[in-house]
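Quick notes on the structure that follows.
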There are 2 protein chains.
Amino acid sequence: MRDTIASDMAKNQYHHGNLRQALIEAAADQVVEFGADRLSLRAVARRAGVSQAAPYHHFKDKEALLAEVCRMGFEDLRTRSEASIVGLPDAPAKLRALGIEYVRFARERNAFFRVMFGGYIKDKECYPELKSSAECSFELLTEVLMQGQREGSLDVNFPPKDALVCWAAVHGAACLIVDGALPEDKMEMAGIDADSMIESVVDRLQRGLAPGVGVLTS
Amino acid sequence: MRDTIASDMAKNQYHHGNLRQALIEAAADQVVEFGADRLSLRAVARRAGVSQAAPYHHFKDKEALLAEVCRMGFEDLRTRSEASIVGLPDAPAKLRALGIEYVRFARERNAFFRVMFGGYIKDKECYPELKSSAECSFELLTEVLMQGQREGSLDVNFPPKDALVCWAAVHGAACLIVDGALPEDKMEMAGIDADSMIESVVDRLQRGLAPGVGVLTS
DNA sequence: ACCTGAACACCGTTCAAGT
DNA sequence: ACCTGAACACCGTTCAAGT
């Protein structure tokens with residue numbers, strides 16, 4: 001009951017109570033539409049129907065607002081990651097699914113991915129909620145590796161370290177694809193597209209983590 | 001002789017002949033000092049001792065100037081990459097050296113690495129010289145994989161595709177490290193630092209590319 | 001050919017003043 | 001407590017005008 005009343009109030013008055021959330025959503029819209037590099041706090045305020053100074057009553061500065069958009073991205077990634085592995089039989093299958101899903105996320109939610117990893121947040125320590133959101137996906141990956149260790153389906157020495165290796169491989173593929181850093185003309189000539197690239201990355205990663213191979217000492 | 005005269009002229013008159021190069025160097029200094037995200041074209045012009053409008057006689061816009069800084073970075077990367085593999089005996093050793101050097105470059109020349117891969121250049125097709133500089137390092141990597149294929153020291157199916165896999169793994173590690181995306185507190189607890197991380201990435205990569213393992217079909 | 005000064009349309013951020 | 005208007009110190013870019 002009181003929730004309903006509060007909601008009704010919120011609907012009618014942007015300027016009382018829910019402006020903080022309205023600003024975050026306006027910023028997210030702006031980021032999707034124009035990119036984080038063109039995000040303007042004044043434009044966000046305009047979109048929310050308040051003065052240019054209003055956001056400063058809810059966020060320390062532009063970066064603090066962007067940190068919230070960033071957090072939305074990490075929560076979306078965690079949700080997608082969890083959904084991608086339900087029902088899969090073993091750790092190698094889950095590892096593959098997480099890798100494919102990570103790149104899919106980067107490509108589909110391009111703008112968010114850039115906010116999350118584009119260096120817009122200088123010191124994540126300043127935003128504890130962001131930090132814990134960001135760590136969820138990494139913990140999920142670590143758990144999958146631990147499962148592989150138990151099952152004997154993956155050669156895992158030290159789960160946190162091997163999780164970093166997996167993350168790096170897949171993150172690199174995602175970055176190169178979304179930044180347009182790949183030599184597209186050559187790839188086209190060679191018959192390689194982004195999908196076949198990420199398949200190869202995941203294949204090699206599984207191979208590098210497959211049990212039953214001696215340690216190399218090159 | 002005429003070269004000497006031209007050089008002397010250039011030294012005495014910023015505003016005739018070499019302003020273009022002076023602006024590129026001023027921009028590079030600015031990027032190293034404050035970061036590409038804070039680069040201001042007006043500040044670059046001030047540093048070069050010319051008016052705010054002067055750069056527009058040499059560069060279409062801010063992005064075109066940044067593209068030249070970017071190119072400097074790719075050329076430095078190529079030089080370092082080539083130097084890192086001279087005298088090494090086989091392809092696996094070269095692959096390792098290239099990987100370690102890539103991350104070293106990203107960390108030492110942090111500011112340049114960000115310009116190169118931070119999405120500052122929207123369409124690299126607009127800057128052909130940049131594009132060919134950027135492809136040199138990738139071609140070097142492809143050649144190493146071809147050598148491994150000939151030697152039988154690496155299991156390479158298709159060099160361009162496997163080169164993308166290697167690049168992705170190492171690039172991901174570099175990005176995560178320089179963006180400060182790693183959960184540093186947890187890493188410290190687990191006794192993992194950036195150096196041991198990149199070692200693991202390269203080890204797993206070599207393992208994924210080692211000959212004599214059956215194909216997984218998970 | 002190359003450079004400047006002034007102008008336009010923006011920014012992020014602060015702060016006294018309002019309700 | 002929350003918001004505003006005005007101000008400050010910046011931007012990128014354009015363009016007529018100068019040499």
Side-chain angles (χ1 to χ4, degrees), chain A residues 6 9-27 29-31 33-70 115 118-123 126-127, chain B residues 6 9-27 29-31 33-70 115 118-123 126-127:
Chain A
M9 284 178 59
K11 269 177 203 158
N12 299 333
Q13 336 175 345
Y14 290 168
H15 323 75
H16 296 288
N18 65 342
L19 177 57
R20 186 186 152 87
Q21 195 55 38
L23 288 167
I24 294 170
E25 282 159 24
D29 289 348
Q30 198 97 321
V31 163
E33 205 165 340
F34 306 109
D37 53 328
R38 294 208 219 284
L39 181 73
S40 144
L41 205 46
R42 293 174 96 118
V44 170
R46 257 178 259 132
R47 193 166 193 137
V50 292
S51 81
Q52 72 220 211
Y56 288 92
H57 296 281
H58 300 274
F59 301 96
K60 192 198 151 222
D61 53 19
K62 189 178 161 180
E63 188 182 306
L65 174 56
L66 218 39
E68 289 296 328
V69 176
C70 197
V115 177
Y120 292 97
I121 312 299
K122 281 172 296 187
D123 186 4
C126 301
Y127 312 98
Chain B
M9 283 178 57
K11 270 176 202 159
N12 299 334
Q13 335 177 345
Y14 289 169
H15 321 75
H16 295 289
N18 65 342
L19 176 57
R20 185 186 154 89
Q21 195 56 38
L23 288 167
I24 294 170
E25 281 158 25
D29 290 349
Q30 198 98 318
V31 163
E33 205 165 341
F34 306 109
D37 53 326
R38 292 207 220 284
L39 181 73
S40 144
L41 205 47
R42 292 173 96 117
V44 170
R46 259 178 257 131
R47 195 168 192 137
V50 291
S51 81
Q52 74 221 212
Y56 288 92
H57 295 282
H58 300 274
F59 301 95
K60 193 198 152 221
D61 53 20
K62 188 179 165 181
E63 187 182 307
L65 174 56
L66 218 39
E68 288 297 327
V69 177
C70 197
V115 177
Y120 292 97
I121 312 299
K122 281 172 296 185
D123 186 5
C126 302
Y127 312 98

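Every chain is numbered from 1 and lettered A, B, ... according to where its sequence line falls, protein lines coming before strand lines.
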Exercise. Rounded to whole angstrom units, what separation is found between the CD atom of B:Gln30 and the P atom of D:dG12?
Worked result: 10 Å

For this session: May I have the distance from A:Asn18 (atom CG) to D:dC3 (atom P), rounded to whole angstrom?
Result: 9 Å

Problem set entry | B:Lys62 side-chain proximity, nearest of D:dG12, D:dC3, C:dC3 | D:dG12

Seminar exercise, completed: Sorted by number, residues from residues 36-43 of chain A placing a heavy atom under 4.0 Å from DNA chain C are A:Leu39, A:Ser40, A:Leu41, A:Arg42

Problem set entry | Secondary structure of DNA chain D in dot-bracket form (Watson-Crick or G-U wobble, distances below 3.5 Å, | marking inter-strand pairs) | ||.|||||...|||||.||

For this session: Rounded to the nearest angstrom, tell me the gap between atom CZ in B:Arg46 and atom C1' in C:dT4.
Result: 15 Å

Exercise. When the distance from CZ of A:Phe34 to P of C:dC11 is rounded to whole Å, what number comes out?
Worked result: 11 Å

Exercise. Between A:Arg38 and A:Glu33, does at least one N-O distance fall below 4.0 Å, as a salt bridge requires?
Worked result: no

For this session: In whole angstrom, give the distance that lies between atom CG of B:Leu23 and atom P of C:dC2.
Result: 13 Å

Problem set entry | Nucleotide C:dC3, atom C1' - distance to CZ of B:Phe59 in whole Å | 15 Å

Exercise. Do B:Tyr127 and B:Glu63 meet the criterion of a side-chain donor-acceptor pair at a distance under 3.5 Å?
Worked result: yes

Problem set entry | Inter-residue atom distance A:Asp61.CG - A:Tyr56.OH, 0.5 Å rounding | 7.0 Å

Exercise. Do the side chain of A:Arg42 and the main chain of A:Gln52 share a donor and acceptor less than 3.5 angstrom apart?
Worked result: no

Exercise. Considering only the P atoms, how many Å lie between C:dA9 and D:dA9, rounded to the nearest integer?
Worked result: 22 Å

Problem set entry | A:Lys60 (side chain) donor-acceptor with A:Leu65 (main chain) under 3.5 angstrom | no

Exercise. What is the distance from NZ of A:Lys122 to C1' of C:dG12, rounded to the nearest Å?
Worked result: 12 Å

For this session: Going 5' to 3' through nucleotides 14-19 of chain C, assign each nucleotide B (protein heavy atom under 4.0 Å from a base atom), S (under 4.0 Å only from sugar-phosphate atoms) or - (no protein heavy atom that close).
Result: BB----

